Each structure stands twice: as structure tokens, then as C-alpha cells.
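Remember, it's a predicted structure, so these values are computed and weren't measured experimentally. Proteins come first, then strands; the chains are lettered A, B, ... in the order of their sequence lines, and each starts at number 1.
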2 protein chains.
Amino acid sequence: MSAVAAEQPGEPSSRDRILDAAEGLFARRGYAGVGLRELADLVGLGKSSLFHHFESKPQLYAAVCARILARISEGVDRSLAAGGSPMERLERVVDDLLDLLAAQPNDARILLRSLFEDDELAGETREELEGREFTARIMSSISALLREGMEAGQFRSVHVPGLLLSLIGQTVFPFASGEFGQEILGKDPFDPSEVKRRKREVRDLLRHGLLAPAGR
Amino acid sequence: MSAVAAEQPGEPSSRDRILDAAEGLFARRGYAGVGLRELADLVGLGKSSLFHHFESKPQLYAAVCARILARISEGVDRSLAAGGSPMERLERVVDDLLDLLAAQPNDARILLRSLFEDDELAGETREELEGREFTARIMSSISALLREGMEAGQFRSVHVPGLLLSLIGQTVFPFASGEFGQEILGKDPFDPSEVKRRKREVRDLLRHGLLAPAGR
DNA sequence: AACGAAGGCGACCGATCGGTCGGTCGCCAT
DNA sequence: ATGGCGACCGACCGATCGGTCGCCTTCGTT
């Protein structure tokens with residue numbers, strides 16, 4: 001019997017421990033590449049116990065994705081709430097998002113993976129719809145911010161959806177690129193100095209590409 | 001295995017038909033999500049016949065990736081060969097790359113997927129090393145181009161590896177984003193008009209973010 | 001005519017897949 | 001004390017996984 005000792009009030013529940021472990025595995029090997037036996041072993045449970053917390057593998061995966069999207073959606077809301085000019089708010093959103101992705105090494109990969117895989121994964125579970133909703137919230141928040149800046153004459157007139165995709169590519173992709181990114185950069189993309197540098201890079205992109213040519 | 005050179009266009013060989021089908025399946029469902037039975041059925045062969053053309057599943061996957069990288073590497077070489085100023089060459093490389101990705105709907109996804117998955121997939125097959133080589137060639141070609149432009153004083157001084165990652169995010173990611181990209185854009189990312197628009201967007205990014213402020 | 005290689009086939013292998021089932025254990029309220 | 005309950009477990013299920021095997025056909029070479 002593995003000692004169940006140290007059930008301190010602050011200890012994470014089995015459900016959360018499953019989610020944490022599943023997040024790491026899905027990030028590394030993708031949905032189909034993860035076996036539930038392996039996951040159960042990693043958590044320290046019997047495989048059948050997983051089904052006491054989640055109905056099925058697709059629903060577990062959806063729960064993992066939903067948790068990540070909820071984190072990000074909450075972060076974006078918080079970053080936007082602080083106010084300021086459109087550019088100030090935009091830069092703060094990007095800064096905070098980069099911090100969040102850097103702090104959660106699995107998020108970027110699962111985010112991108114889920115984009116590739118949601119073509120399949122038939123089941124329309126509750127969690128999946130929840131995830132869609134979070135995604136839509138995030139996207140529309142940033143879209144609205146961009147349009148606000150344009151209407152106020154502070155932003156150049158740009159194609160909002162296109163910029164949105166570019167922004168994702170610039171913020172999320174580097175954290176998902178793994179060994180490849182490390183090899184190119186010569187350092188870990190999650191290294192604090194590199195995160196800081198990427199913030200600068202994205203910020204410069206936004207300033208150059210988005211700010212209305214008023215000063216020059 | 002003598003070095004089989006290029007085949008003239010005619011009826012595609014079984015090997016190529018397997019590669020084509022595998023490319024589509026891997027793009028949609030990832031390495032672990034594709035079963036060899038399914039692939040064989042799609043090609044119209046028995047499953048065991050696959051092993052007459054490829055030693056194993058990992059090697060088949062490596063061959064699919066290597067073929068894509070070879071296509072792209074060749075395209076980049078061709079784009080660079082035409083000459084011109086650094087900015088002209090850079091814009092042509094990006095233009096042609098976007099055309100190539102748009103013409104081969106599976107490439108972008110497999111490219112990104114392979115970045116996520118190569119942590120695993122232990123076997124160091126010939127094809128895998130071949131793929132690494134192509135990747136290195138592509139990256140160093142573009143890096144050299146960027147450095148050349150900087151040394152000539154035509155490009156602003158930028159962090160080359162960082163820009164490289166950003167560029168990948170802006171060019172490859174939109175074509176890999178699937179339904180998500182379609183939903184955001186309101187149209188298929190592969191639609192010719194959208195491809196054209198993305199070319200403009202990337203070109204503008206490069207001009208604003210890279211061109212030295214000399215033309216004044 | 002003889003032959004070997006190349007390509008293809010179905011049957012089959014052990015392992016593993018997601019998922020189910022019946023049951024045990026400890027806890028807590030009655 | 002007892003009975004309901006949530007967490008957990010091992011055993012088991014049919015299906016499918018990647019891969020092997022032996023055999024058959026086709027075809028170019030000699």
C-alpha cells in the first residue's frame with residue numbers, strides 16, 4: 001500500500017493531480033500518444049480510478065484544454081481591466097500572456113495541438129464547449145481592443161483577424177517549439193532573459209506595425 | 001538499395017501513393033493517431049505491403065517529413081538564387097514559401113507537429129537525419145541573408161534567431177491553424193485572396209520592423 | 001525455359017488500447 | 001452497529017496496435 005499519508009488540507013485533489021499529469025503527457029505526445037495506463041501509473045492510481053473522475057479519455061482531454069483556456073482567459077480579462085490607452089492595454093495583455101505561457105510550460109503546446117486535433121475528437125462534451133467559449137471570449141476581447149484603437153485613430157488601419165493570427169504565431173509558437181526553438185535561439189525559450197527579449201520583440205512589432213504614423 | 005534518382009511523371013508509384021496518403025493522415029491526426037491498417041486501406045493495399053516500401057512506422061513518418069522539408073529547402077534555394085538586394089531576396093523567399101505552403105495543405109501542420117513530436121520518436125533513422133539536415137540548411141540560409149542585410153546597413157540591427165521564430169509563426173502557423181484560423185479569418189486560410197493578403201502582411205512586417213530608417 | 005527479385009496478400013502474433021465490472025476499504029452520519 | 005458513499009482497485013473485455021511470416025503472382029534477365 002502506498003502510504004496515503006500527509007493528507008494536508010492544502011494537498012491537491014486526485015482530480016487535480018490527474019489533470020496536471022495528463023497536461024504534461026498530452027503536451028509531450030499528443031492526444032493519441034498518451035495511454036491511460038501510463039497516466040494512471042504516473043499519478044499513482046489504478047487505471048480504472050481515472051474513470052471515477054472523468055467519463056472518458058476525450059472528456060479528460062477536453063478538461064485539460066478547458067483549464068488552460070480558463071487560465072488564459074482570466075489573465076486576459078485581468079490585463080484588460082487595468083485600463084489605459086489602447087496601446088498600453090494591448091502591450092500589457094501581450095506581456096502578461098507571455099509571462100503566463102512562460103510559467104506554464106505545457107500550455108503553448110497543448111494550445112497549438114488542440115487547434116490541429118479538434119477536427120477530429122468527435123464528442124461534443126460540456127468541457128469542449130466550455131473551451132470553445134473561452135477561446136471566443138479571448139479572441140473577441142483582443143479584437144475589440146484593436147478596433148477601439150483604430151477607431152480612436154491611434155492605430156493604423158489593419159486587418160484585425162490577420163493580425164490576430166500573426167500575434168498568436170509570435171507569442172504562442174515560440175513556447176511550443178521545443179528543442180527546435182532552443183536550437184535556433186541558443187537558449188531555452190522559457191529562460192527569463194529570452195522571455196523578456198520576446199516581450200520586446202512583440203512590442204516593437206506592434207509599435208512599428210500598428211501605431212499610427214503621427215510622430216513620424 | 002542503389003540511389004534511385006528522380007522518376008519521370010507518369011503513374012505514381014506505390015511508394016509515392018503511400019507517402020501522399022500518409023502525409024494527409026499524419027497532418028490530420030498526428031503520428032500516434034494514424035493506424036497502418038487505415039493507411040493501407042486508403043492507399044488500396046494490404047497492410048503488410050506497406051512494409052515492402054518502409055521498414056517501420058517511424059521510418060515512414062520520417063520519410064514523409066523529409067519529403068516536405070526537401071520541397072521547402074529546394075524552394076528556398078531557388079528563391080534565393082535569383083539575386084537582388086537583401087530585402088528583395090527576403091521578400092521573395094517569404095512570398096514563395098507562402099505559395100508553397102498554400103499549395104500543399106498538409107505541409108504546415110506536419111511541420112509544426114514534427115516540432116512537437118520529435119522529442120520522442122527515438123529511432124535515429126537515415127531519413128530523420130536527412131530531415132534535420134534540410135532544416136538546418138533552410139535556417140542557416142535565411143539567417144545568413146538577414147545578417148548580410150544588417151552588415152550592409154540596409155537592415156536594422158535585430159536579434160536574428162528571434163526574428164526567425166517570429167517569421168515561422170507568421171508564415172507557417174496560419175496554414176496549420178485549421179478550423180480555428182478559418183473561423184477567425186472568416187475565410188479559408190488557403191483561399192488565394194487570403195494568401196495574397198498574408199503575403200502583404202508579412203511583407204509589411206518586414207519593411208516596418210527590419211528596414212533601416214535611411215530612406216528619409 | 002529457368003530464375004530471382006519486387007510487389008502484394010491474408011493469416012497471425014504479442015502487446016496495448018479505452019473502457020467495464022464487481023468488489024474492497026475507510027469515513028461519516030445516522 | 002450499520003448502512004450509504006466516494007475513492008480506489010485488479011481482473012477482464014473486445015478491438016486494434018505495429019510488425020512478421022509464408023505464399024503467390026508478375027516481370028525482366030539470362
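Remark: the backbone N or O of B:R28 is paired with a side-chain donor or acceptor of B:R113 at under 3.5 angstrom. Using modelled atom types, one side-chain atom of A:K57 and one backbone atom of A:Y31 make a donor-acceptor pair closer than 3.5 Å.
Using a 4.0 Å cut-off between charged side-chain N and carboxylate O, B:D20 and B:R67 make a salt bridge. The residues B:R109 and B:E117 are annotated as not salt-bridged, no charged nitrogen and carboxylate oxygen being separated by less than 4.0 angstrom. Taking 4.0 Å as the cut-off between side-chain N and carboxylate O, A:R78 and A:D96 do not count as a salt-bridged pair. A salt bridge links A:D77 with A:R137; the closest basic N to acidic carboxylate O contact falls under 4.0 Å. The pair B:K199-B:D99 counts as a salt bridge, with a side-chain nitrogen and a carboxylate oxygen less than 4.0 angstrom apart.
Applying the 4.0 Å criterion to OP1 and OP2 of C:dC9, one finds that B:S49 has a side-chain N or O inside that range. For D:dC8, one of the phosphate oxygens OP1 or OP2 lies less than 4.0 angstrom from a side-chain nitrogen or oxygen of A:H53.
Screening residues 159-173 of chain B for side chain to side chain donor-acceptor pair (under 3.5 Å) gives A:S166-B:Q170, A:Q170-B:S166, A:R197-B:H159, A:R198-B:S166, A:E201-B:S166 as the qualifying pairs, with residues at least two apart or on separate chains.
When the C1' atom of D:dA11 is taken as reference, atom CG of A:L36 falls 17 Å away, rounded to whole Å. Note: CG (A:D41) to C1' (C:dC17) measures 14 Å, nearest angstrom. Note: CG (A:L60) to C1' (C:dG18) measures 12 Å, nearest angstrom. As a whole-Å value, the separation of A:R15 CZ from D:dG6 P is 15 Å. In this structure, A:Q59 atom CD and C:dG18 atom P are separated by 15 Å, rounded to whole Å.
Across B:I18 and B:L45, no two heavy atoms sit closer than the pair CD1-CD1, 4.1 Å.
Side-chain atoms of A:F51 lie closest to C:dG18 of the nucleotides C:dC9, D:dG18, C:dG18. Here the nucleotide nearest the side chain of A:S14, chosen from D:dG18, D:dC8, C:dG7, is D:dC8. Across D:dG18, D:dC9, C:dG8, the shortest atom-to-atom separation from the side chain of A:L45 is found for D:dC9. Checking C:dG8, D:dC13, D:dG18 against the side-chain heavy atoms of A:R37 singles out D:dC13 as nearest.
Nearer to the 5' terminus of DNA chain C, by closest-nucleotide assignment, is the contact made by B:G44 (compared with the other of B:K47 and B:G44).
A:V34 comes within contact range of the sugar-phosphate backbone alone, with a heavy-atom separation under 4.0 Å but no base atom that close.
With axes fitted over five pairs at each extremity, the angle between the ends of the helix from C:dA1-D:dT30 to C:dT30-D:dA1 is 10° (10° resolution).
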Please produce a list of atom pairs where a protein N or O lies less than 3.5 Å from an N or O of nucleotides 21-27 of chain C.
none

